[in-house]
Structures are given as structure tokens and as C-alpha cells.
Amino acid sequence: MAENGESSGPPRPSRGPAAAQGSAAAPAEPKIIKVTVKTPKEKEEFAVPENSSVQQFKEAISKRFKSQTDQLVLIFAGKILKDQDTLIQHGIHDGLTVHLVIKSQNRPQGQSTQPSNAAGTNATSASTPRSNSTPISTNSNPFGLGSLGGLAGLSSLGLSSTNFSELQSQMQQQLMASPEMMIQIMENPFVQSMLSNPDLMRQLIMANPQMQQLIQRNPEISHLLNNPDIMRQTLEIARNPAMMQEMMRNQDLALSNLESIPGGYNALRRMYTDIQEPMLNAAQEQFGGNPFASVGSSSSSGEGTQPSRTENRDPLPNPWAPPPATQSSATTSTTTSTGSGSGNSSSNATGNTVAAANYVASIFSTPGMQSLLQQITENPQLIQNMLSAPYMRSMMQSLSQNPDLAAQMMLNSPLFTANPQLQEQMRPQLPAFLQQMQNPDTLSAMSNPRAMQALMQIQQGLQTLATEAPGLIPSFTPGVGAPGSTGSGGPTGPTVSSAAPSETTSPTSESGPNQQFIQQMVQALAGANAPQLPNPEVRFQQQLEQLNAMGFLNREANLQALIATGGDINAAIERLLGSQPS
Amino acid sequence: MAATTGSGVKVPQLVEGQKGVGDGTVSWGLEDDEDMTLTRWTGMIIGPPRTIYENRIYSLKIECGPKYPEAPPFVRFVTKINMNGVNSSNGVVDPRAISVLAKWQNSYSIKVVLQELRRLMMSKENMKLPQPPEGQCYSN
């Protein structure tokens with residue numbers, strides 16, 4: 001080790017600019033010098049003989065830094081130190097600093113945004129997706145199995161005690177991971193109608209804090225969002241998977257053309273990183289997966305499709321899962337646009353939440369969700385967590401403040417549309433019912449599985465009554481029984497019992513809170529014939545006037561158009577123009 | 001004459017480069033230790049973490065012209081890099097695109113240039129640009 005001469009070991013041609021440094025003659029005994037080795041993270045001092053080679057130096061370093069020598073790269077004065085050089089060659093003397101880079105074998109590819117975000121809970125659930133990989137893989141089955149496994153996996157993590165919003169993000173991630181479910185969801189006509197409402201979409205998009213940041217940075221995006229035509233186009237595209245693919249293909253073609261233009265590549269890159277990446281990441285963080293990340297130069301139609309993805313994923317769990325699973329669990333489609341109309345006619349936040357809740361409710365109709373519901377109701381803790389999640393509170397509050405909305409939401413069930421009578425019945429009860437939901441007693445009743453079961457019994461009892469003594473329950477229709485069967489575990493009791501007529505068919509409930517609840521229901525039903533919901537004509541009063549002023553004098557047609565487009569004047573005008581021969 | 005031009009700035013630079021600065025993420029030194037003119041320097045930037053440049057070592061050549069430090073140095077990447085402001089075919093750093101070069105002040109130094117380039121690697125517009133395979137160098 002302690003050799004005299006310029007280089008250690010067999011003489012070799014020394015490289016580098018200090019090639020002919022014959023003057024680097026070392027003294028007879030090599031002096032030990034102290035060299036500081038600095039990495040971006042740490043700093044260590046090494047005492048090495050002055051004339052040691054870089055290789056030897058690296059060996060000493062590797063011991064201290066616990067890496068292999070071939071992982072170490074030493075830099076001094078802007079040059080990389082090669083193994084066969086000596087320290088002296090590079091002029092490394094006592095007290096100087098050498099920089100070290102430790103090359104790790106698997107380099108993380110600069111994936112900056114996924115776990116770290118401001119949007120909330122994804123960080124905490126980042127660890128759990130790994131353990132959920134197996135449940136996710138079962139998603140290829142009829143989805144019920146998949147989500148069953150998923151939830152089982154989740155609860156095995158002690159999910160019952162965790163924040164429900166984590167569950168939500170879990171669900172979101174699972175959703176993202178499963179293309180079948182995506183397809184299911186996209187095909188859900190309710191979803192489609194929701195997507196067709198540009199205002200609503202815009203609200204939902206804007207509500208995402210990442211998007212807001214993004215919009216601040218890139219004002220063009222807000223232009224994009226505010227342009228109803230583009231939004232509508234986008235939504236149409238989102239709705240139609242085939243069309244989406246076409247768009248993507250066209251975009252890819254256009255992009256590859258752009259690439260070939262000199263300088264165009266850079267511009268594309270810039271565009272991509274400025275606009276699209278943050279958007280995708282914003283969506284990704286919430287939804288745990290950037291489907292476009294793998295697409296090479298993914299097109300800017302990613303912008304367009306993002307809204308759809310964003311909307312799909314917004315608050316997933318339905319605040320009304322167990323009890324209002326009654327009303328909403330069977331919500332699968334909107335025949336009219338009342339659902340989307342709700343988005344329009346209400347304030348932003350409420351429209352937001354209602355439509356989202358609607359959408360969420362529609363998810364619950366899928367078998368997977370129902371098994372989920374089952375599990376949820378079996379686990380009272382989960383229910384409580386769910387109900388106490390903050391946004392649910394706000395949802396409920398906003399719904400109670402705006403009975404109109406709640407009515408809309410409820411009415412979107414195909415059951416109800418098939419049963420106009422039932423519709424009429426449901427409407428008046430809503431305000432009271434909503435208040436019930438706010439009632440903490442109610443909440444605790446909801447979380448009590450026995451209470452749930454009791455309510456189920458009530459419903460069954462009523463069903464029996466209906467068949468046995470139809471005269472007793474005049475407006476009881478068999479259709480209402482359906483929610484009971486589909487809404488697994490959900491106490492369909494409230495719905496049914498409130499659907500029951502003013503006559504108090506005394507429920508055979510055991511527990512006190514149940515009974516109170518039911519009675520309140522019935523009273524509400526009895527007493528609340530007054531507040532009738534405005535019919536579409538009244539709702540669209542303002543829009544109708546506008547259309548009139550514009551010259552569309554056919555009130556009937558206007559109304560139809562408005563209903564079809566959910567109160568969206570622009571779309572209604574287009575419809576009208578399309579149908580009228582000028 | 002060339003040897004003494006700007007040496008009041010360059011020598012401290014040299015010393016500082018040898019001592020190692022700050023966080024160990026940039027390094028620079030004379031390309032040729034015998035160079036008395038102190039004009040040709042090599043620099044090294046360690047790619048900042050959480051960017052696409054992470055864990056890569058970028059080598060640069062810096063030439064301090066006769067008017068240095070009144071005029072900015074010429075900077076050129078030796079290691080191939082894809083970054084705004086850097087010519088993708090020869091690695092020359094465009095002085096108009098890099099703010100410290102465009103608005104050069106004579107109090108600036110090579111360290112400042114390297115640190116600024118590193119900072120630019122972390123900017124949103126650069127941090128995710130796809131990069132050529134590691135270890136490639138420009139041909140000239």
C-alpha cells in the first residue's frame with residue numbers, strides 16, 4: 001500500500017490533465033491526509049495516505065458508507081476520479097473535500113407526485129395499496145367477488161378503526177385499477193347524464209384543490225373549463241369510449257406530426273409538463289393511478305378525459321349508504337334529467353355533492369357495492385365512521401337545506417320513475433327525513449346492527465301486510481319491496497314505513513330509538529303534504545323566460561328541451577334549433 | 001496578461017472549488033491544474049433528487065473568457081442532457097436562456113452558474129423531461 005512513486009501498483013499511463021505530473025513525488029513515508037467526503041446527505045472525514053489511489057480511497061469509503069465500491073462515484077474539482085488515478089494526481093491535499101455520489105441500483109424514476117400531495121388521505125393509504133394488490137387482482141371476476149375481497153383485505157388492516165376517508169381512497173384506487181368497473185361505471189346512464197352537465201362538471205373540477213393550483217398557474221385551463229362548448233364536447237367524448245379512442249388516436253397522430261417539426265418536440269414537451277402532467281397528477285393523486293402515464297407522449301386529450309375521471313371519483317361513499325340505501329341504493333339511471341337538473345338549479349356546493357352522491361348511489365347498485373354495503377352494515381363502527389366523515393356531514397347538511405335537491409336525488413331511482421305515485425309520496429317526506437338524518441339519535445340507530453335488522457323486519461312485515469291486506473296499505477306498491485332486496489343489509493325500513501300511509505301500522509320494533517324513529521317518519525308523512533316540489537315548469541321558469549326573450553316561443557318545446565338538458569340553456573337552444581326547421 | 005486578468009476572482013474560485021461547497025451537489029475545478037490562465041474549468045453537477053436527473057452526474061466545461069468576470073463564462077455540458085436552455089446537439093448552454101448568464105454580474109462565479117443550472121433542473125419545466133441514456137456525451 002505504501003509505495004513510493006507517482007502511482008500505486010504497476011505503472012500505468014495516468015490519465016487526465018495532470019498527466020505529466022512528475023513532480024508528484026511522494027516522500028518516503030506517505031503522509032496521511034484528511035479528506036472530507038461529502039454526499040448530498042452526509043459528510044465524513046477520511047484519513048488516507050497521501051498517495052493512495054482512488055480505488056483504495058473508494059474501498060475505505062465503501063466501508064463507511066456501506067455501499068459497494070462500484071456504486072461510488074467521486075468528484076473533485078469538477079472531475080470524476082477514476083479508480084486508477086491517485087489522489088495526488090488530482091491535487092487532493094489535506095483538508096480538501098471530495099464529493100461522493102452513491103449510485104443506487106434501482107433508481108426511482110422521478111415519480112414525484114404520487115404519494116406526496118396536499119389533497120389529503122392518499123398519503124396514509126399509500127401503504128395499504130400494496131396489501132390490496134391481491135384483492136385487486138380478483139377484480140376480473142364478477143365484481144362482487146373483487147370488492148368483497150377488497151374490503152375483507154381492508155378490514156383485515158383494522159380498517160374499522162381508521163378514518164373512513166381512507167377507505168374512500170382505497171375504493172377509489174381499486175376502481176381505478178379495475179377497467180371492468182370503469183366500464184360499468186361509464187355505462188351507467190346516470191353517470192352519463194351527470195357527465196352531460198357541463199356546469200356540474202366544472203364545479204366538480206374546480207373543487208379539486210390541485211386543479212385550482214393548476215388553474216392559477218395556467219390560466220388557459222380555466223378558459224378551457226369555462227367554455228361550455230368544449231366542456232360539452234369533452235363530456236361527450238368521455239361518455240363514449242369509442243369516440244374517446246378515436247380522439248386519442250387523432251391526438252397521437254397530431255402529436256407525432258408536431259414532433260417532427262424542428263423545435264416542435266420541445267414545445268410539446270413543455271406543453272405536456274406544464275399542463276398535462278400536473279392535471280394528470282392532480283387527478284392521479286386522488287385516484288391513485290395515472291392511466292396516461294404509460295402512454296408515451298400522451299395527448300392533450302388527456303385534459304379532456306381528466307374531467308371525466310375526476311367526476312367519476314369524487315366522493316365515492318354515499319353518506320346515505322345504509323339508511324338511504326333505501327332511496328338511493330337502487331338509483332341506477334335517470335330517465336329524465338332531473339338528476340342533472342338538480343346540479344343546475346342549486347348552489348354550487350350542493351349541486352356538487354348531490355350529483356356526486358347520486359353518482360355514488362348509482363355505484364351502489366352494482367353487485368360489488370352491495371356486498372360492500374353488507375360488510376359495512378355488519379360493521380357498525382364502519383358505519384359510524386362513514387357517517388361522521390366530514391364531507392358527509394356537509395352533504396347531509398346541504399341536502400337538508402335544500403329539499404329540492406334531495407327530492408331530485410331520490411327521484412332518480414328507476415323504481416320511482418316507474419311509480420309516479422311513489423314519487424309523489426316520497427317528495428313530501430324528504431324534508432322531515434333529512435332532519436332525521438341529522439339527528440344524532442338516528443345516526444346511532446343507523447349504526448346499530450340490531451336496529452337495522454329490526455327495520456328490515458318492519459319492512460318485511462309491511463310487505464306481508466301488503467300482500468295479505470292490501471286495503472290496509474293503499475299506496476304500498478310491490479316496487480318498494482325491491483329496494484329491500486337489493487339494498488343488502490340496508491335498512492329499507494324507513495323508506496317502506498314512510499311509504500306506508502298515514503295510518504300507523506305499528507312497527508314491531510324492539511328498541512326504543514327505532515320506534516321513535518318510525519313514528520317520526522310516519523308523522524312526517526302524515527303531516528307533510530304541503531310542500532310539493534315545483535314541477536319542471538316552475539323550476540325552469542327563469543330559463544323559459546330567457547328562451548322566450550330569445551324568440552323561442554314554443555313553450556312546450558322549450559320545456560322539453562330544458563328538461564332534457566337539465567336546465568342548460570345553451571344545450572337547450574341547440575336542441576331546439578336542431579328540431580325546428582330554422 | 002491573460003494570466004492575470006480576472007485572477008482576483010478566479011483564484012478564490014479555485015480554492016473554493018477545491019474545498020467543496022455547500023451541499024456537495026456541485027463541484028468545479030480547473031480542467032488542467034497547470035493552467036495558469038485559469039480559463040478552462042470543468043464542473044460537475046449532481047442531479048437533484050426527485051427529478052429525472054436524480055443520481056446522474058453531469059459534467060460541464062466552463063470557459064472563462066478574457067473579459068471574465070465582467071462577461072459571463074461560456075458553459076457547455078459534456079454529458080448529454082435534455083433541458084431548456086441547453087442545446088440538444090452540442091450541449092452549449094444558451095446564455096440568453098439562463099438568467100444568471102443573461103444578467104451576469106461580476107460578483108457571480110462559476111459556483112453560481114453551476115448552482116443555478118442545478119436549480120433549473122428542479123424547475124417544473126425541466127424536472128420531468130425525458131433524458132438520454134446515462135453516460136452519453138456530446139461528440140465535440
Side-chain angles (χ1 to χ4, degrees), chain A residues 16-21 23-24 35-43 71 73-81 88-93 95-113 116 217 262-263 265-266 269-274 276-278 281 296-297, chain B residues 13-35 40-62 78-79 82-86 88 110-111 114 118 121-131 134:
Chain A
Q21 267 198 359
S23 55
V35 181
T36 308
V37 175
K38 206 192 271 196
T39 66
K41 298 193 190 83
E42 19 181 338
K43 193 162 91 161
Q71 281 178 304
V73 179
L74 286 171
I75 298 170
F76 178 72
K79 295 197 262 298
I80 295 185
L81 308 182
I88 294 202
Q89 238 177 302
H90 288 281
I92 302 176
H93 303 300
L96 294 183
T97 301
V98 172
H99 300 287
L100 172 69
V101 175
I102 302 178
K103 290 185 164 308
S104 48
Q105 295 309 343
N106 341 324
R107 243 178 316 138
Q109 283 306 319
Q111 282 210 1
S112 44
T113 56
S116 59
R217 273 205 301 269
Y265 186 73
N266 278 337
R269 286 295 154 213
R270 265 194 288 271
M271 176 180 82
Y272 174 68
T273 52
D274 273 347
Q276 193 179 4
E277 279 280 301
N281 289 331
S297 56
Chain B
Q13 264 181 169
L14 180 61
V15 173
E16 200 182 7
Q18 291 187 335
K19 286 226 185 87
V21 67
D23 49 4
T25 50
V26 297
S27 171
W28 67 96
L30 277 175
E31 185 173 326
D32 180 354
D33 290 331
E34 303 281 299
D35 177 15
R40 305 182 82 90
W41 300 71
T42 63
M44 193 101 17
I45 300 178
I46 298 171
R50 287 182 297 281
T51 66
I52 198 145
Y53 310 97
E54 180 168 9
N55 261 0
R56 295 202 189 190
I57 299 169
Y58 290 96
S59 181
L60 299 90
K61 280 205 198 316
I62 301 151
V78 172
T79 317
N82 184 9
M83 188 171 136
N84 285 319
V86 178
S88 49
I110 292 176
K111 169 175 93 168
L114 292 176
R118 186 172 190 273
M121 287 184 190
M122 297 196 281
S123 72
K124 287 275 184 287
E125 58 170 13
N126 283 324
M127 67 191 292
K128 292 196 181 150
L129 292 177
Q131 296 300 312
E134 193 175 352

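Per chain, numbering begins at 1; letters A, B, ... match sequence-line order. Hydrogens, waters and symmetry mates are skipped; everything else that's a heavy atom, side chains included, is used.
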Would you name the heavy atoms of A:His99 and B:Val26 that are closest together and state the gap between them? NE2-O, 3.3 Å
For B:Ser27 and A:Ala77, which heavy atoms make the closest approach, and how far apart are they? OG-N, 3.1 Å
Grab the two heavy atoms, one from A:Ile102 and one from B:Asn55, that are nearest each other, plus how far apart they are. O-OD1, 3.9 Å
Minimum heavy-atom distance between B:Glu31 and A:Lys79, given as atom pair plus value: O-NZ, 3.6 Å
Of A:Thr36, A:Ile80, A:Val101, the largest count of non-hydrogen pairs under 4.5 angstrom with chain B goes to A:Val101
Side chain, backbone, both or neither: which part of A:Ile92 has a heavy atom under 4.5 Å from chain B? neither
